[in-house]
Every structure is written in C-alpha cells, then in structure tokens.
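What follows is one structure encoded as structure tokens, with my remarks underneath.
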Amino acid sequence: MDKVRVRFAPSPTGPLHLGGVRTALYDYLFAKNQGGEFVLRIEDTDTARYVEGAEEYIEEALEWCGIIADESPKKGGKFAPYRQSERRDIYDRYTEQILKTDYAYIAFDTAEELDAIRAEYEARGDVFSYDNKTRNQLRNSLTLSEEEVQQLLDEKTPYVVRFRMPVDRTLNLEDIIRGKFSVNTNTLDDKVLVKNDGMPTYHFANIIDDHEMEISHVIRGEEWLPSLGLHTLLYEAMNWQAPQFAHLSLILKPEGKGKLSKRDGDKFGFPVFPLNFTDPATGNVSKGYRESGYLPEAFINMVALLGWSPADDKEILSLDEMAREFDLNKVHKAGARFSKEKAEWFNHQYMQQKSDEDLLQILKSSELNLTLPDDKLLKVIHLMKERATFPKDIYENGKFFFEAPVSYDEKAAKKAWNEETSGNLQELAQQLETVEFSAENLKQAIHDFAENKGLGMGKVMMPLRLSLVGELKGPDVPDIMELLGKEETTARINNAVNNFK
C-alpha cells in the first residue's frame, strides 16, 4: 500500500461523541499531511442498536467541523457502497473463503444453551469463555461429524461463524502510538465473525472493508486495542497485508478520572456532541457545540489538542495548519483531560479573529431579537466583541443597546447617585442638545461639564452609565451615547432622574 488511505467508520447508533470527532479529525489530518485520502464508512451491521437519523447527524456534524471526506455514502467513490448494510454479497463471499481455512468454524449452540453453561460456571465461581479450552465440548463443526453438520444446515438450523483462535501462540504486535507489545492467544476467545442472521460482526466486516478499500492506516480509540490480536490473525487467515494501527487514548472527565461521558456534560454544563441531537425514542435533546454558540474553527482546534501537541506548543491553528504539522508519532499515549474553560478560551480567541461583518451574519442567523439596523449592529459588535466568548454574548452583554433599562442595579445606585445627581444630569442633558453626537465630541462635552461644575469625572460618568445601561458595566460611555443617539440618550437620562426622585 503505497498511498495513504484512512477511514472513519462510525456506527449509526446515536450522536457523534467528542471522542469520535477527534478520531475523524486525526484521520483527516493524517491523510492530508501525507497527501492521502480520507474515507467515511458507515458500519451499520448492528441493526438492534440502529438509531434513526444518526447517519445523517454524523455526516452533518463532520461537515460543520470542516472534516470533508474524499469518499462517503453521500459522495460515493470507487470502493462504493460505503454502508456495510449494502455490502452483504461481499461479506458472504469472504465468509465462504475463511470457512475453507483452519481459522473459522460453524457453531450451532443456542443462546439458551450458552446461558445455561455460563450459569454452571458462575455457580462454581468461574467465568465461561468460548475458547480453545471449551470449544471441543460444544456443538460446532469441530465436534460434530460432516454428516451431522450438513444435516443441521439442511434443516436451516441457526448458526454463527466463530474464529478459531490458535493455541498458545505469542503475537508480537505494534502500534504507532504505543509501540511494540505481545499477546498470548490463550488469553483470547473465539469471537463470533458472522451472526446467525448472516451479517458479519464488527470484527470481520471491519477487516474485509479495510482490505477492499485499500486502507493503509487504521486510527481508532484505545477501546479497540484488545481486538488488535484478533484482527491481526484475521488478516493472516485471509492472507492479506494488514494496515498499520494507531490507537488513540481516551478523552477524560474534567477531574481526570474515567472517560468523558454525556453525564459529565450534563453535570458540568457543557456539550459532548458537536450538534444538538434529538433522541427519536424519547424526544430528549442533547445539547451540541454548534447550538451552544461555538464556532466550528474553535471547536475543531480545541479537539485537535486533546491528545496532540504541535511544534512550539502553538495553540491557535487553522485546519490547514494542523494538517501541515500533524504527526501520529506525536500523539500522546496518556489520556487527555477535557476542560470546559479551555474550550471557552478557544472560542473567545476565534471570536476576536472574526471580522465585525462575519459576526453580524452569525448574529442575524440566530433567533436573537435584533431590533437595530445593520450599521448600528456593526457598531455594537465592534464595541462588545472583545468581552464576548460566544456570539450571543454580544447581544446579552449589550442588551442595553437594544432596549432601555426598566430597573437599576441597587448596589450601583447607592454608589453612583446622591441628592445632587438628578439636577446635574438634567443640566448635562440640556447642554448635550447642542452637541454633535460623536464619541469624541461627547467625551469633551462631559469633561467640560464636570470641570465647570467642579465635579470629579466619576461623579458624572457613573450615574450617566447607570442611566443608560441600568448597571455600572459596558464600553466607554461616550461610545454608548453615540450609538444610542441624542434622543434615546436624553430619554434614558430623564427616565433615570424620574426613577430616583
């Protein structure tokens, strides 16, 4: 395999988890770094756990992240189809092939029979495993005669195909991230390769598809590391060249112990899925990063650094920059702890990089009640962007630009208002009638007023801010006044004066 070809192969059993996004991203970055191809394949052989709409969700989520496949169910490609449910004839052909070798056999044991055996083992404090120690006492083609096997097949007796694990072999395995290690086959069981409905399990379909699609590198989560021995032997059984493997560490809970889960997101108030997902069975909605106000560039930058460090410990990188730098050998072996604060930090950084015009379009596509014309919205964005982590913060932190305060912060009022304040503000409002409402002119006018009255600037600015905002927060007061305009500024001063009579 001269050309690098990688695949992301999720199962449509629910929404795409943060860990799945990272796997897809690392696949994508590695392919682009090596001038290779990135394939999206849907592994939908687990019909019992299939969730309606999950495949469409996965594709939409990857597109939002900017992880665009070269080949996929939607896009097609020379190795189509890219859904396992549509590749049954291919699997049937290879099932026949492996059954001609010594690496597989047919097992007729029913679920009830196996449950009874497990119960017997448990009763004596043992654990049952279908392996080289037990398979010769069970109902399969290794213990039955050819005539008995054929009779059962003729009678349409349900069966599964199992892998015949070699006895006492040491497998010397290698992983790009974790290095070399060995496994003894006596620790491995005889996994089911083909279920009694004729569909292959993950283990068999996975290696068939990777071979057929000429996958050169398999990048997947560490939960699949225990399966590497079996998969290596499956390649051997089929007389195929195995791809190189890289198993990614877990994304950990914020406190650092255990795999990050949806419950952690619910507990600590952050999403674990890229997009909102509505469970078709319950109608429950799981919050997504997109709907929470994260920019896709910020989200994907954050995900990339959960387990990989670019040169010079850079933190802000575009997708193209990541692809140029990405190296599987620099992916961390240890788990990466998720941080909500760091995720928000990334979004803040990307917010500052956005132009005011870009943020205007994002805000206008939201459901916020934007009552100002575009020219004023651009000014609000310019004034509020620096303090914003999410686009909605521009609106929520600058709500006073859109509506006059109906109440005033009590603590701020005690600090800013005294018996002389109302008269001073009324006098200031009268003087402002003749001032051209630009921030520069207003700043000078307020300074001159304070100086002429013998007041400190705070004695004027604080109550003025309180009148306009309702609190002692926001950008410079002259900037607020310019944007509100003369009529609205005067009206808000008069409202405040009347409120504090």
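Sequence positions, counted from 1, serve as the residue numbers for this chain. The figures that follow rest on heavy atoms only: side chains count, while hydrogens, waters and symmetry mates do not.
- Salt bridge annotation for D190-R164: absent, with no cationic side-chain nitrogen under 4.0 angstrom from a carboxylate oxygen.
- For the pair E86 and R83, the salt-bridge criterion is met [side-chain N within less than 4.0 Å of a carboxylate O].
- Within a 6.0 Å radius of CZ in R93, other residues, nucleotides and ligands contribute more than 12 heavy atoms.
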With side chain to side chain donor-acceptor pair (under 3.5 Å) as the criterion, how do E148 and S145 come out once you've worked through the C-alpha distance, each side chain's angles and the decisive distance to 0.1 Å? CA-CA 5 Å; E148 288 174 310; S145 67; 3.2 Å; yes
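- Within 6.0 Å of OH on Y159 lie no more than 12 heavy atoms contributed by other residues, nucleotides or ligands.
- From F204, atom CZ reaches atom CG of L230 across 10.5 Å, with rounding to the nearest 0.5 Å.
- Side chain to side chain, D168 and N184 meet the donor-acceptor criterion of an N or O pair below 3.5 Å.
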The test is side chain to side chain contact (heavy atoms under 4.5 Å, CB included); show your working for V192 and V161 and say whether it passes. CA-CA 6 Å; V192 173; V161 176; over 6 Å; no
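- Without hydrogens or angle criteria, K195 side chain to V160 main chain gives no donor-acceptor distance under 3.5 Å.
- Between D189 and K191 there is a salt bridge, since at least one side-chain N of the basic residue sits less than 4.0 Å from a carboxylate O of the acidic one.
- With N276 contributing its side chain and G288 its backbone, the two residues share a donor-acceptor pair below 3.5 Å.
- With 3.5 Å as the limit, one finds a donor-acceptor pair spanning the side chains of E71 and Y82.
- Remark: E146 CD is loosely packed, at most 12 non-hydrogen atoms of other residues, nucleotides or ligands lying under 6.0 Å away.
- Applying the ring-ring contact (aromatic ring centres under 6.0 Å, His included) test to pairs two or more places apart or on separate chains, those with a residue in residues 275-301 are Y57-F277, W64-F299, Y289-Y294, Y289-F299, Y294-F390.
- Ionic pairing of K354 and E297 is present here: one or more N-O contacts between side-chain nitrogen and carboxylate oxygen are shorter than 4.0 angstrom.
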Test R220 against H247 for side chain to side chain donor-acceptor pair (under 3.5 Å), laying out the working first. CA-CA 5 Å; R220 58 190 182 186; H247 289 83; 3.0 Å; yes
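- Around CD of E52, the count of heavy atoms belonging to other residues, nucleotides or ligands within 6.0 Å does not exceed 12.
- Taking a 6.0 Å sphere around CD of Q352, one finds it holds more than 12 heavy atoms contributed by other residues, nucleotides or ligands.
- A cation-pi geometry, defined here as NZ or CZ lying under 6.0 Å from the six-membered ring centre and within 45° of its normal, does not hold between R7 and F38.
- Counting heavy atoms from C-beta on, the side chains of L252 and F338 never come closer than 4.5 Å.
- Q84 pairs with exactly one of D44, D209, D46, N206 by the side chain to side chain donor-acceptor pair (under 3.5 Å) rule, that one being D209.
- Here K333 does not pair with E222 in a salt bridge; the nearest charged N to carboxylate O distance is not below 4.0 Å.
- No more than 12 heavy atoms of other residues, nucleotides or ligands lie within 6.0 Å of NZ in K330, so this atom counts as exposed by the packing criterion.
- Side-chain N or O atoms of H348 include one that pairs as donor or acceptor with a backbone N or O of A388 at under 3.5 Å.
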Can you list the steps and then say if V183 with T232 is a side chain to side chain contact (heavy atoms under 4.5 Å, CB included)? CA-CA 11 Å; V183 174; T232 299; over 6 Å; no
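- Residues R135 and M165 have side chains in contact (heavy-atom distance under 4.5 Å, counting atoms from C-beta outward).
- Between K314 and E325 a salt bridge is recorded (basic side-chain N to carboxylate O distance below 4.0 Å).
- In summary, of the residues considered (L228, I207, L171), a side chain to side chain contact (heavy atoms under 4.5 Å, CB included) with L233 occurs for L171 alone.
- Between the side chain of N347 and the main chain of T389, a donor-acceptor pair closer than 3.5 Å is present.
- For the pair K342 and F346, the cation-pi test (distance below 6.0 Å, angle within 45°) is passed.
- Separating the OG1 atom in T45 from the NE2 atom in H203 is a distance of 10.5 Å, to the nearest 0.5 Å.
- Ionic pairing of E60 and R290 is present here: one or more N-O contacts between side-chain nitrogen and carboxylate oxygen are shorter than 4.0 angstrom.
- For the atom pair L359 CG and H382 NE2, the distance stands at 12.0 Å (nearest 0.5 Å).
- In this structure, the side chain of T143 does not engage the main chain of Q137 through any donor-acceptor pair within 3.5 Å.
- Between the side chain of E344 and the backbone N or O of E341 there is no donor-acceptor pair closer than 3.5 Å.
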In sequence, state the C-alpha distance, the side-chain angles, and the governing distance for S355 and D358, and then conclude on side chain to side chain donor-acceptor pair (under 3.5 Å). CA-CA 5 Å; S355 70; D358 286 342; 3.3 Å; yes
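- Within the structure, every pair that satisfies the side chain to side chain donor-acceptor pair (under 3.5 Å) test and touches residues 12-36, not counting sequence neighbours, is listed here: K32-D70.
- Side chains of K253 and R337 form no contact here, defined as non-hydrogen atoms less than 4.5 Å apart.
- Atom CZ of residue R162 and atom CG of residue L142 lie 11.0 Å apart, to the nearest 0.5 angstrom.
- Residues K180 and N172 have side chains not in contact (no heavy-atom distance under 4.5 Å, counting atoms from C-beta outward).
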Show, in sequence, the C-alpha distance, side-chain angles and deciding distance for E212 and Y94, and conclude whether the side chain to side chain donor-acceptor pair (under 3.5 Å) test is met. CA-CA 11 Å; E212 284 269 317; Y94 285 118; 2.5 Å; yes
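- Side-chain contact between T101 and N239 is absent, with no heavy atoms from C-beta onward closer than 4.5 Å.
- If you take OH on Y395 and OG on S366, they are separated by 9.0 Å, rounding to the nearest 0.5 Å.
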Report the C-alpha distance between Y350 and W345 in whole Å, list the side-chain angles of each, state the deciding distance to 0.1 Å, and finish with yes or no for ring pair (Phe, Tyr, Trp, His ring centres under 6.0 Å). CA-CA 9 Å; Y350 276 89; W345 179 86; 9.0 Å; no
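- Other residues, nucleotides and ligands place no more than 12 heavy atoms under 6.0 Å from the CG atom of D102.
- E63 has a carboxylate O that lies under 4.0 Å from a charged side-chain N of K74, or vice versa, which qualifies the two as a salt bridge.
- Electrostatic pairing of D266 and K262 counts as a salt bridge here, judged by a charged N lying under 4.0 Å from a carboxylate O.
- D320 and R324 are not joined by a salt bridge, as no carboxylate oxygen comes within less than 4.0 angstrom of a charged side-chain nitrogen.
- The NE2 atom of H332 sits 10.5 Å away from atom CG of L306, with the distance rounded to the nearest 0.5 Å.
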